[in-house]
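Values reported hereafter were calculated over all heavy atoms of this structure, with side chains retained and with hydrogens, waters and symmetry mates removed. Residue numbers begin at 1 in each chain, while the letters A, B, ... track the order of the sequences.
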Amino acid sequence: MQSIQAIRGMNDILPDQIGWWQRVEQTARELLSSFGYREIRTPVIEKLDLFARSIGESTDIVEKEMYAFPDRKGEMLALRPEATASIVRAFIQHNLQADPLAKKLYAIGPMFRHERPQKGRYRQFYQIDAEAFGIDDPMLDAEVMHMLRLFLERLGLTGVVLHINSLGCQECRQDYRDLLKEFLEKNVAELCPDCQRRRHTNPLRTFDCKVERCQAILADAPVLLHSICGACADHFESVKSYLDQLKTAYVINPRMVRGLDYYMRTTFEVITDRLGAQNAVGGGGRYNGLLRDLGGPDLPGIGFAIGMERLILLLQQEQSEAQRCPKIFVASLGASARDTCFLLAQQLRSLGLETEIDYEGASLKSQMRRADRLGVRHVLIMGDEEISRGEVQCRDMMNKTQTVLPLEAVAPRLQEIYKEEITENGSR
RNA sequence: GUGGGUGUAGCUCAAGCGGUUAGAGCACUGGGUUGUGGCCCCAGAGGCUGCCGGUUCAAGUCCGGUCACUCACCCCA
């Protein structure tokens with residue numbers, strides 16, 4: 001095969017699939033808007049430095065997963081591996097703290113990571129991303145998670161669990177890191193090679209290890225959540241209390257670690273057991289130092305991302321989606337009727353009725369068959385006889401009934417029939 | 001980046017130890033006597049068997065490489 005293929009890990013989303021995407025996006029937009037979030041769109045390419053500084057130099061994302069390349073002037077650029085950094089950059093660059101409406105932002109779009117693809121993981125993948133700046137109150141932490149839960153609920157997704165944790169602040173984390181390193185040092189001989197490496201690079205990561213032996217050892221390890229400072233503990237308590245009041249269920253997972261360096265205090269993940277190895281459908285957390293670190297005002301921030309492919313994969317496992325199809329087919333017999341039919345179809349479309357038509361002068365039988373396969377509700381038939389009398393045959397494909405209507409009455413009549421549906425189903 | 005599995009029609013899959021023209025179902029197109037869909041019947045179209053090389057009289061089949069897909073590791077959405 002010499003035809004050109006899409007590049008590895010990057011997928012076409014075909015018309016048959018697009019309904020899922022539109023439904024997810026629409027649901028997200030409506031819900032986020034109701035919580036006061038406004039959409040922002042930022043470039044998919046940024047200076048490499050932005051991601052290195054925000055996500056962390058030694059994270060996997062920055063070290064080995066970025067699409068990074070020099071532009072024509074030799075400046076290092078990168079396709080964005082996540083959205084937060086770009087949104088924060090835009091917030092700072094345009095001084096959006098001066099805009100009272102811009103405290104809460106959301107974005108929907110593709111991210112890029114150069115990993116080996118597998119189920120639920122692709123090199124170009126889409127995220128719905130929400131960020132809120134300038135608010136440190138635990139009320140917001142709880143609200144963000146509550147919103148995430150509502151979103152999944154509104155889509156009808158079941159079988160997911162919200163995990164929450166607190167990573168504490170800079171100070172408690174540093175203290176804890178030393179504590180944990182010490183612990184790992186004592187047990188180094190027992191650990192798997194990966195964990196022996198992690199011990200230096202990112203000791204917190206050892207909690208993610210899937211080797212049973214490591215897990216057994218770590219069962220006795222000091223727990224970050226238990227050694228955070230008073231202020232952080234209070235914050236976390238408050239977050240839990242608000243979640244309870246919102247009746248949003250959660251599991252406290254003291255071992256949950258997230259892969260981006262900028263997180264502090266509240267972190268959370270929505271987990272599923274139905275996606276093979278990819279168990280995170282969405283996740284996020286608080287990042288109070290990030291704006292300052294990127295040269296902006298010292299404002300707190302919190303946000304999360306939802307993986308759209310994973311979400312849709314899960315939805316498809318438990319739901320089926322009705323195919324969207326045109327409502328009306330205009331069938332013609334003979335050359336003179338074709339022109340009239342062509343114009344009639346345009347008229348119907350201008351009224352917002354989805355209309356299909358034969359362009360090739362096929363036989364009536366074949367037009368009928370096609371109309372049936374398209375799943376239309378009504379077929380309008382016009383031949384020379386109808387033309388001369390100024391009439392149209394209107395066939396209801398479901399009831400197999402056929403009525404004769406004056407040509408000029410057809411469009412208003414069909415509009416009448418479909419009007420109820422249009423108002424019933426909202427935008428559809 | 002590392003490992004396993006798989007590559008035959010648009011889709012799901014067949015082709016005993018290598019053997020002559022690579023098949024089927026679904027989908028697609030046309031037809032089954034005047035201008036009417038689904039079911040049924042008939043016909044048609046659709047393939048350089050992922051690609052390159054090797055072994056052989058002969059390769060979809062065996063070998064090597066490569067690419068792609070897939071699952072898993074690492075890690076994440």
Between the protein and nucleotides 4-9 of chain B, which nitrogen or oxygen pairs come in under 3.5 angstrom?
none

If a pair satisfies salt bridge (Lys or Arg N to Asp or Glu O under 4.0 Å) and one of its residues is in [range], list it, with sequence neighbours excluded.
{"range": "residues 299-318 of chain A", "value": "Arg274(A)-Glu318(A)"}
{"range": "residues 389-406 of chain A", "value": "Glu385(A)-Arg389(A), Arg389(A)-Glu391(A)"}
{"range": "residues 106-115 of chain A", "value": "Glu115(A)-Arg121(A)"}

Ring pair (Phe, Tyr, Trp, His ring centres under 6.0 Å): which pairs involve [range], sequence neighbours left out?
{"range": "residues 356-397 of chain A", "answer": "His378(A)-Tyr418(A)"}
{"range": "residues 28-63 of chain A", "answer": "none"}
{"range": "residues 327-349 of chain A", "answer": "none"}

So what does [X] hit on the nucleic acid, given a heavy-atom distance under 4.0 Å: a base, only sugar-phosphate, or nothing?
{"X": "Glu386(A)", "answer": "base"}
{"X": "Asn279(A)", "answer": "base"}
{"X": "Leu260(A)", "answer": "sugar-phosphate"}
{"X": "Gly284(A)", "answer": "nothing"}
{"X": "Ala280(A)", "answer": "sugar-phosphate"}
{"X": "Gly120(A)", "answer": "base"}
{"X": "Tyr126(A)", "answer": "nothing"}

Is there a donor N/O on one and an acceptor N/O on the other, under 3.5 Å, for the side chain of [X] and the base of [N]?
{"X": "Glu115(A)", "N": "A77(B)", "answer": "yes"}
{"X": "Gln402(A)", "N": "U36(B)", "answer": "yes"}
{"X": "Arg113(A)", "N": "A77(B)", "answer": "yes"}
{"X": "Arg121(A)", "N": "C75(B)", "answer": "yes"}
{"X": "Gln367(A)", "N": "G35(B)", "answer": "no"}

Separation of the [atom1] atoms in [N] and [M], to the nearest angstrom:
{"N": "C11(B)", "M": "U49(B)", "atom1": "P", "value": "16 Å"}
{"N": "A68(B)", "M": "C62(B)", "atom1": "P", "value": "23 Å"}
{"N": "G50(B)", "M": "G31(B)", "atom1": "P", "value": "36 Å"}
{"N": "U20(B)", "M": "G35(B)", "atom1": "P", "value": "49 Å"}
{"N": "G47(B)", "M": "G60(B)", "atom1": "C1'", "value": "11 Å"}
{"N": "A9(B)", "M": "A27(B)", "atom1": "C1'", "value": "11 Å"}
{"N": "C28(B)", "M": "U33(B)", "atom1": "C1'", "value": "26 Å"}

Would you mind telling me which of [options] lies closest to the side-chain atoms of [X]?
{"X": "Gln393(A)", "options": "U36(B), A72(B), C75(B)", "value": "U36(B)"}
{"X": "Leu333(A)", "options": "G35(B), C74(B), G37(B)", "value": "G35(B)"}
{"X": "Lys64(A)", "options": "G38(B), C74(B), A68(B)", "value": "C74(B)"}

Please give, in whole Å, the distance from [N] [atom2] to [X] [atom1]?
{"X": "Lys119(A)", "N": "A77(B)", "atom1": "NZ", "atom2": "C1'", "result": "15 Å"}
{"X": "Phe268(A)", "N": "A77(B)", "atom1": "CZ", "atom2": "C1'", "result": "13 Å"}
{"X": "His163(A)", "N": "A77(B)", "atom1": "NE2", "atom2": "C1'", "result": "16 Å"}
{"X": "Arg395(A)", "N": "U36(B)", "atom1": "CZ", "atom2": "P", "result": "10 Å"}
{"X": "Arg123(A)", "N": "C75(B)", "atom1": "CZ", "atom2": "C1'", "result": "14 Å"}
{"X": "Leu313(A)", "N": "C71(B)", "atom1": "CG", "atom2": "P", "result": "9 Å"}
{"X": "Arg274(A)", "N": "A77(B)", "atom1": "CZ", "atom2": "P", "result": "21 Å"}
{"X": "Asp16(A)", "N": "C11(B)", "atom1": "CG", "atom2": "P", "result": "13 Å"}

Residues [X], [Y]: salt bridge by 4.0 Å N-O rule:
{"X": "Asp141(A)", "Y": "Arg265(A)", "answer": "no"}
{"X": "Lys186(A)", "Y": "Glu182(A)", "answer": "no"}
{"X": "Lys327(A)", "Y": "Glu354(A)", "answer": "yes"}
{"X": "Glu75(A)", "Y": "Lys47(A)", "answer": "yes"}
{"X": "Arg80(A)", "Y": "Glu82(A)", "answer": "no"}

Quiz item: 5'-most contact on RNA chain B: Glu269(A) or His114(A), nearest heavy atom basis?
Solution: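 Nearest-nucleotide comparison on RNA chain B picks His114(A).
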
Quiz prompt | Given RNA chain B, 5'-ward residue of the pair Arg8(A) and Leu275(A), judged by closest heavy atom | solution =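 Per heavy-atom nearest nucleotide, the more 5' residue is Arg8(A).
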
Exercise. Enter the distance from Ser86(A):OG to Leu50(A):CG here, rounded to the nearest 0.5 Å.
Key: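 Rounded to the nearest 0.5 Å, the OG-CG separation comes out at 5.5 Å.
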
Quiz item: Taking the six-membered ring for Trp, are Phe133(A) and Phe91(A) parallel (under 30°), tilted (30 to 60°) or perpendicular (over 60°)?
Solution: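 It falls in the tilted class, 30° to 60°.
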
Quiz item: Within the structure, does a side-chain N or O atom of Gln118(A) lie under 4.0 Å from either OP1 or OP2 of A72(B)?
Solution: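 It does, given that an N or O in the side chain of Gln118(A) lies less than 4.0 Å from OP1 or OP2 of A72(B).
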
Quiz item: For His114(A), which residues count as a ring-ring contact (aromatic ring centres under 6.0 Å, His included) partner, sequence neighbours excluded?
Solution: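 Listed in chain order: Tyr67(A).
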
Quiz item: Can you list the stems that include RNA chain B, where a stem is three or more consecutive Watson-Crick or G-U pairs with distances under 3.5 Å?
Solution: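 RNA chain B forms these stems: B:1-7 with B:67-73, B:10-13 with B:23-26, B:28-32 with B:40-44, B:50-54 with B:62-66.
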
Quiz item: Considering only heavy atoms, which members of residues 303-310 of chain A lie under 4.0 Å from some atom of RNA chain B?
Solution: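 Correct list: Gly307(A), Arg310(A).
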
Quiz prompt | Under the side chain to side chain contact (heavy atoms under 4.5 Å, CB included) test, residues paired with Glu30(A) that sit two or more places apart | solution =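 Gln26(A).
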
Quiz item: Stepwise, does the salt bridge (Lys or Arg N to Asp or Glu O under 4.0 Å) test hold for Glu25(A) with Arg23(A)?
Solution: CA-CA 5 Å; Glu25(A) 281 180 24; Arg23(A) 186 159 80 86; over 6 Å; no

Practice problem: Check whether the side chains of Asn253(A) and Arg255(A) place a donor and an acceptor atom closer than 3.5 Å, and report yes or no. | Solution: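 Distance-only check fails for Asn253(A) and Arg255(A).
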
Which atom pairs link the protein and nucleotides 29-31 of chain B when you take only N or O atoms and keep those under 3.5 Å?
{"from": "U29(B)", "atom 1": "OP2", "to": "Arg373(A)", "atom 2": "NH1", "distance (Å)": "3.2"}
{"from": "G30(B)", "atom 1": "OP1", "to": "Ser366(A)", "atom 2": "OG", "distance (Å)": "3.1"}

